[in-house]
2 protein chains.
Amino acid sequence: MAQTIQEPSARLSPSTEDYLKAIYKLEEGDPVPTKALAGELEIAAASVTGMTKRLAERGLIEREPYKGATLTDAGTKVALEVIRHHRLLELYLKEEIGHSWEELHEEAERLEHHISEAFEDRLDELLDHPTRDPHGHPIPTRSGEVEETATQRLADLEDGDRAVVGHLSDKNPALLEHLEECGLMPGASLEVTEAQEVTEAQEVAEAQAFEEPIAVRVEGGEPQLVGRVVARSVFVFLAAS
Amino acid sequence: MAQTIQEPSARLSPSTEDYLKAIYKLEEGDPVPTKALAGELEIAAASVTGMTKRLAERGLIEREPYKGATLTDAGTKVALEVIRHHRLLELYLKEEIGHSWEELHEEAERLEHHISEAFEDRLDELLDHPTRDPHGHPIPTRSGEVEETATQRLADLEDGDRAVVGHLSDKNPALLEHLEECGLMPGASLEVTEAQEVTEAQEVAEAQAFEEPIAVRVEGGEPQLVGRVVARSVFVFLAAS
DNA sequence: TCCCTATTTTAGGCAAGACTAATTTGTTTC
DNA sequence: GAAACAAATTAGTCTTGCCTAAAATAGGGA
């Protein structure tokens, strides 16, 4: 239980921060198994065993052999700081620098490990203390509080349901491009309508691209068809009806 | 002469980039000796020997044992790209983010290794294709051209000389703070005046801080005394008289 | 020319982080 | 309860970049 205490000023390696971020993402109460972590980080399981041992020694995670890893308070703090950096950067790069969806993630993924606290604070100010990144993910506060996240998928709504877009899956940049054109951005109000209201031409076009579409009217716009695949990457807050 | 050719897309390590930058800075025609490089990078000479061997194998430098290292064309290209990143970032952090002189260098030193070409291009655009960083150092173009740099020090001027500030030594943030207050920023026109024109009170104050002051009038301002130490960190273009 | 000294290189080590291959453990199933 | 299988760990390697201590070398001065 060496639990080496180190300089508080010491910068953690990008790799270390990536592990903590990944554990934060994957843990939902239970410890994160080695294989899951290896999958998320796209490295070999044996490498994860080695690294998690070191992280445990440093007091950033707790490790139960053959079970998995859990963040300690110190580890959670680091993970949230990195996520805060990432999301502030994404918003900034989108709003101020004009990066595409494609470039956003990659750039933020690198820079999140290297900006100073002063830079973080200035971004926060410049962006007027935002609470969500461009995908709608909550930006943790400096003190580590995180807003609630939508869990319902647009694909699972029923005719007549009203909802507000919460966040979007950030896996696929092309899909985000498409969602932006559809107006399905975080904060947008929408209503699921009857399929009949949509013109046939649109239906054919959409159906070719993404099977089994759902008909949606975004506030202030015309009804449109949205493919199931697409609708599954849109997470919404269902309005009380 | 293995000269391993690698993926053109492969990102070089921060350490590699720092070596190339340091060699670029220190080489003036002749090869850079191991000890000089070790001093610049603040590491042991033996470490430099090891690393320069690897850089030579990769075709980024040429190495003559017991003589020193010289950049190849490929190495020069990398060095200039990194310097371009650094200087664009410094200007950006100063102008848009509002970093202090103190924070500037450190932040740019880290980020220069991690921004994308797209980011670099956007900074260049946002800043309206600048040619100088906040210290007055020339920003290399994408294609690797570098503007001329002033070589004359303010401290070495004579009474009556007129000059334009070229660049400032970036070693000491506090000094830069002071220079900014004096109006001695890159681009400023100035004239070296007689010492008598300066009030006695000012003289005493300045003399205590920095010995053997020089009297300077910055265009549009009053004559003031500038310590020799300070004046030695100001590089100027002497106006033809 | 020979020696002295500063510089450089070699030798040997260490930590981080990755890998593959081989082994161990836990779990499930018959 | 034993066999089978998946997951995890161990063992052993590799590269990068740094270190110290010891040996080699180059170049100037007597």
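Chain naming here is simple, since letters A, B, ... match the order of the sequence lines and numbering starts at 1 in each. All of these numbers come straight from a predicted model, not from anything done at the bench.
Residue Thr34(A) is classed as a sugar-phosphate contact, given heavy-atom separations below 4.0 Å to backbone atoms only.
No side-chain heavy atom of Val82(B) sits under 4.5 Å from any side-chain heavy atom of Leu20(B). Looking at heavy atoms from C-beta onward, Ser116(B) lies in side-chain contact with Glu107(A) at the 4.5 angstrom threshold. Contact check for Arg58(A) versus Thr16(A): side-chain heavy atoms found under the 4.5 Å cut-off.
With a heavy-atom cut-off of 4.0 Å to chain A, the contacted part of DNA chain D has its first and last nucleotide at dA7(D) to dT10(D).
Between the side chains of Asp18(B) and His113(B), at least one donor-acceptor pair of N or O atoms lies under 3.5 Å. His129(B) and Glu125(B) are not linked by any side-chain donor-acceptor pair at a separation below 3.5 angstrom, with hydrogens and angles left out of the test. A side-chain N or O of Ser143(B) and one of Glu145(B) form a donor-acceptor pair less than 3.5 Å apart.
At whole-Å resolution of the value, CG in Leu41(A) and C1' in dG17(C) are 12 Å apart. The distance between atom CZ of Arg58(A) and atom P of dA15(C), rounded to the nearest whole Å, is 13 Å.
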Handout entry: Verdict with reasoning, Ser15(B) to Ser13(B), per side-chain hydrogen bond (donor to acceptor under 3.5 Å, both in side chains)
Key = CA-CA 5 Å; Ser15(B) 186; Ser13(B) 72; 4.9 Å; no

Handout entry: side-chain contact (heavy atoms from CB on, under 4.5 Å) between Val236(A) and Arg153(A), worked out
Key = CA-CA 6 Å; Val236(A) 300; Arg153(A) 287 164 196 265; over 6 Å; no

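The side chain to side chain donor-acceptor pair (under 3.5 Å) with Glu90(A) is formed by just one residue from the set Lys94(A), His86(A), Arg87(A); it is His86(A).
Taking 4.0 angstrom as the limit, Arg63(B) places none of its side-chain polar atoms (N or O) nearer than this to OP1 or OP2 of dT8(C). Considering only side-chain N and O atoms, Lys53(B) lies under 4.0 angstrom from the phosphate OP1 or OP2 of dT10(C).
Evaluation of the side-chain hydrogen bond (donor to acceptor under 3.5 Å, both in side chains) test over residues 61-71 of chain A, restricted to residues two or more places apart or in two chains, returns Thr52(A)-Arg63(A).
In this structure, the ring of His167(B) has its center no less than 6.0 angstrom from the ring center of His135(B). The aromatic ring centres of His178(B) and Trp101(B) sit 6.0 Å or more apart.
For His85(B), the ring pair (Phe, Tyr, Trp, His ring centres under 6.0 Å) criterion is met by no residue, not counting sequence neighbours.
Residues from residues 70-77 of chain B placing a heavy atom under 4.0 Å of any atom in DNA chain D do not occur. DNA chain C is contacted by no residue of residues 24-32 of chain A, taking any non-hydrogen atom closer than 4.0 Å.
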Practice task
Can you check each nucleotide of nucleotides 18-26 of chain C against protein heavy atoms at under 4.0 Å and return B for base, S for sugar-phosphate only, - for none, in 5' to 3' order?
Solution key: SBBB---SS

